[in-house]
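Shown next, in structure tokens, is the structure this report addresses.
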Number of protein chains: 2
Amino acid sequence: MTTTLKDIAKQLKTSVSTVSRALQNHPRISAEKTKKIQDLARELDYQPNSFAINLKKKTSKTLGVIVPELSLHFFSEILSGMDETAHRNGYQLLICQSGEKVEREKEQIQNLYKANVDGILVAVSKETSNFGNFDLLRKKGFPVVLFSRTHPNFPSVHSDDINGGFLATKHLIQQGCKTIAHIAGPWHLYATKDRQNGYLKALETYHLPINQSLIIHSDLEKESNIEAVHQLLNREQNFDAIFCFNDYVAYDIIQVLKEKQIITGKDVLIVGFGNQPISTQMEPKLTSVDQQPYQIGIKSIEMILNSINSKIETSIKQTEILETMLIVRNSTYH
Amino acid sequence: MTTTLKDIAKQLKTSVSTVSRALQNHPRISAEKTKKIQDLARELDYQPNSFAINLKKKTSKTLGVIVPELSLHFFSEILSGMDETAHRNGYQLLICQSGEKVEREKEQIQNLYKANVDGILVAVSKETSNFGNFDLLRKKGFPVVLFSRTHPNFPSVHSDDINGGFLATKHLIQQGCKTIAHIAGPWHLYATKDRQNGYLKALETYHLPINQSLIIHSDLEKESNIEAVHQLLNREQNFDAIFCFNDYVAYDIIQVLKEKQIITGKDVLIVGFGNQPISTQMEPKLTSVDQQPYQIGIKSIEMILNSINSKIETSIKQTEILETMLIVRNSTYH
DNA sequence: CAAACGTATGCAATCGTTTGCACAAAAATC
DNA sequence: GATTTTTGTGCAAACGATTGCATACGTTTG
């Protein structure tokens with residue numbers, strides 16, 4: 001049996017309230033009694049019942065997190081930062097995945113809400129285009145923060161994808177490339193626009209012509225990526241570099257180029273995005289844009305704790321944009 | 001304000017108990033009243049207060065999970081399986097990381113215990129050698145399951161590392177290798193013994209001599225791995241294959257061999273362990289032993305739910321060993 | 001020495017549920 | 001028609017903590 005305040009009170013022939021106060025070092029309880037109670041509590045290994053406390057205080061010190069897929073390295077690194085920060089602030093994390101399904105995502109939001117978490121952090125699924133679920137929560141004054149996969153109408157934490165795209169493209173230009181292709185992501189991902197805009201901005205800034213046929217969208221599946229390179233290779237005009245939506249796209253593309261005896265880093269320069277482990281594991285090592293996922297995790301927790309603690313309207317739109325930086329490796333440099 | 005049973009009762013001029021029962025479809029409540037209550041509940045978007053229910057039922061439908069590092073792909077894939085299975089059974093996951101520190105691990109166990117989770121699943125940290133924390137829990141009859149990084153005295157789920165080591169080594173032998181080295185892990189990891197024993201068993205089975213100088217232990221840090229290959233290269237006698245403790249070790253080693261112009265898959269065959277993404281991303285692609293991490297996740301949850309539901313002594317030692325299988329790729333095959 | 005105050009404690013309500021039990025009224029039994 | 005059984009409802013006590021208020025001292029003050 002677990003020890004309760006009642007047990008301690010009974011043993012010491014005092015009341016539950018006195019015990020409760022003593023354990024909180026309430027000044028009105030005599031030093032002597034306080035000591036006696038605390039000693040016994042220790043001896044009996046008293047653990048306050050969190051359910052009772054939560055019920056009374058209406059707070060669980062728990063945050064809900066929904067990621068599309070736990071095993072995607074990018075997200076697990078964000079989670080790592082979240083866990084660290086949450087714990088430092090006395091919070092725990094109820095983590096679940098949406099599997100990229102809106103239905104599932106909706107269900108998970110419900111679950112977390114029912115579990116009385118103090119706030120919810122979400123990287124929305126690929127399928128999510130309707131943000132009604134989140135709006136409902138927000139209308140109830142419930143703290144919500146979107147991270148990485150965000151939406152402009154909600155408190156958000158994400159990386160500076162525009163600048164990331166800009167840096168990547170600028171680097172290619174500075175390496176002497178003149179015809180830079182871009183394999184972009186699917187339109188419903190918010191990052192797609194940003195990275196592409198960064199790409200366009202760089203071309204503009206350095207007075208290179210913009211050619212729509214050099215921009216190809218992929219749904220990020222392997223087949224789609226391969227299809228994208230083929231499309232590029234079949235154009236009459238040549239290209240000398242590709243800025244890819246992410247590292248996995250870059251990897252798939254480089255495999256195709258290898259088959260065609262096109263040497264990455266010499267014939268064609270390639271830049272990825274995300275600076276995932278794959279970028280150092282593949283051959284050649286991939287130049288990529290780092291997004292500081294761990295930092296995204298930290299900032300997201302900080303933001304939601306802020307909105308929980310300061311009972312200020314959470315509907316104040318708040319956005320944290322994390323710096324991106326280019327990591328140069330062999331795929332653009334020899 | 002959130003709706004409570006009381007609110008519904010008041011509006012319908014009935015009692016809280018009747019409302020409670022109606023919502024549970026208790027047969028003793030008239031069909032008419034039940035419908036009225038359920039309708040109003042829906043209308044008011046009544047959400048039962050989980051704290052109160054937990055308090056009453058002394059169960060939280062939440063499981064605690066501790067992993068050494070969230071961002072290690074192996075663990076995040078296990079977590080993915082856990083999440084899936086837990087949710088299918090109406091449980092949620094409180095996930096945290098130990099950062100490979102015993103101290104932190106101990107702290108997290110305390111946290112989870114205080115949070116009144118219904119059970120705890122742990123992959124122990126590298127530092128953990130003393131299992132006293134877990135023993136304490138078990139003595140209280142608290143459900144604990146170790147996974148992946150386990151200990152023979154506790155209910156455990158892990159892969160068949162012995163057979164994994166055996167399969168890997170057998171494959172090398174069948175590829176014609178005669179002098180097979182093994183870069184082993186640190187002794188305190190339980191898997192180290194098993195994988196090494198599998199290696200030894202294969203040599204024995206196929207009548208190859210066992211040579212202790214071909215077995216080198218690494219602490220799995222990059223420097224240590226590099227040091228290990230050098231040690232092998234400096235032996236007077238040559239070797240024609242290396243069975244590595246895991247894929248990352250294999251990767252580091254292959255980098256060193258490349259520098260020395262030794263061609264992996266031709267001059268030396270290499271097998272890794274874990275079948276991590278890196279094994280298909282590196283060049284050459286790595287032959288590796290798959291451990292079914294997702295399955296480990298599923299089985300672990302099933303095991304702990306079992307011990308929660310059947311109130312049978314959880315101290316009955318229970319171990320689930322998952323099959324391993326060899327995935328052959330270019331590092332051992334041309 | 002009575003009034004006023006400070007100190008130390010306990011009572012009891014509260015948080016939102018669940019559930020055993022009591023108690024009616026209605027229905028079934030003899 | 002009296003007795004038993006069924007059916008429908010509500011009371012009140014849990015679950016384990018927190019906290020405003022009352023109370024009972026002992027001490028200071030005028």
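Direction of the helix axis in the helix from C:dC1-D:dG30 to C:dC30-D:dG1 shifts by 50° between the two five-pair termini, rounded to 10°.
Between A:Thr18 and the phosphate of C:dG10, there is a side-chain N or O to OP1/OP2 separation shorter than 4.0 Å. In this model, the phosphate group of C:dG10 is approached by a side-chain N or O of A:Ser15 to a distance below 4.0 Å at OP1 or OP2. Between C:dA8 and A:Ser30, no contact under 4.0 Å exists linking OP1 or OP2 to a side-chain N or O. In terms of phosphate contacts, A:Thr4 brings no side-chain nitrogen or oxygen within less than 4.0 Å of OP1 or OP2 of D:dC15.
In this structure, CG in A:Asn49 is found 11.5 Å from OG1 in A:Thr3, a value given to the nearest 0.5 Å. One distance of note links NE2 of A:His158 with CG of A:Asp194; it measures 6.5 Å at 0.5 Å rounding.
Per the geometry, NE2 belonging to A:His26 stands 11 Å off P belonging to C:dT7, to the nearest Å. When the C1' atom of C:dT18 is taken as reference, atom NZ of B:Lys6 falls 16 Å away, rounded to whole Å. When the P atom of D:dG16 is taken as reference, atom NZ of B:Lys114 falls 18 Å away, rounded to whole Å. For the pair A:Gln24 CD and D:dT19 C1', the interatomic distance rounds to 9 Å; values are reported in whole Å. When the P atom of C:dG16 is taken as reference, atom NZ of B:Lys10 falls 11 Å away, rounded to whole Å. The CD1-C1' distance, from A:Ile29 to D:dT18, rounds to 13 Å in whole Å. Remark: P of D:dT7 and CD of B:Glu32 are 17 Å apart, rounded to the nearest angstrom. Put simply, CD1 on B:Ile8 is 11 Å from P on C:dT18, counting in whole angstrom units.
Taking every heavy atom of residues 35-62 of chain B and every atom of DNA chain D, pairs under 4.0 Å involve B:Leu55, B:Lys56, B:Lys58, by number.
Atom CD of A:Gln110 has more than 12 heavy atoms from other residues, nucleotides or ligands within 6.0 Å.
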What nitrogen or oxygen pairs link the protein and nucleotides 21-23 of chain D at under 3.5 Å?
none

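Looking at B:Gln47, its side chain never comes within 3.5 Å of a backbone N or O of B:Thr2 through a donor-acceptor pair.
B:Ile66 and B:Gln97 make their closest contact through CG2-C, 4.5 Å (heavy atoms, listed as atom of the first residue, atom of the second, distance).
Counting non-hydrogen atoms under 4.0 angstrom, B:Ser17 reaches a base of the nucleic acid. As judged by a 4.0 angstrom heavy-atom cut-off over every strand, B:Ser20 is placed among the base-contacting residues.
Using a 4.5 Å cut-off on side-chain heavy atoms (C-beta onward), A:Tyr46 and A:Asp7 make no contact. Contact annotation: the side chain of A:Gln291 never approaches that of A:Leu322 to less than 4.5 Å [non-hydrogen atoms, C-beta and beyond].
Relative to the ring axis of B:Tyr113, B:Lys140 places its NZ or CZ within 45° and under 6.0 Å from the centre. Both tests pass for A:Arg138 against the ring of A:Phe154: distance under 6.0 Å to the centre and angle within 45° of the axis.
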### Query
Under the salt bridge (Lys or Arg N to Asp or Glu O under 4.0 Å) criterion, do A:Glu84 and B:Arg104 qualify, and how do the steps go?
CA-CA 11 Å; A:Glu84 196 59 41; B:Arg104 185 76 185 273; 3.5 Å; yes
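Evaluated for a side chain to side chain contact (heavy atoms under 4.5 Å, CB included) with B:Leu305, the options B:Thr85, B:Leu63, B:Val145 yield exactly one hit, B:Leu63.
When each of D:dG10, D:dT18, C:dT9 is scored by its nearest atom to the side-chain atoms of B:Thr14, the top-ranked nucleotide is D:dG10.
If you check the side chains of A:Gln24 and A:Ser20, you find a donor sitting under 3.5 Å from an acceptor.
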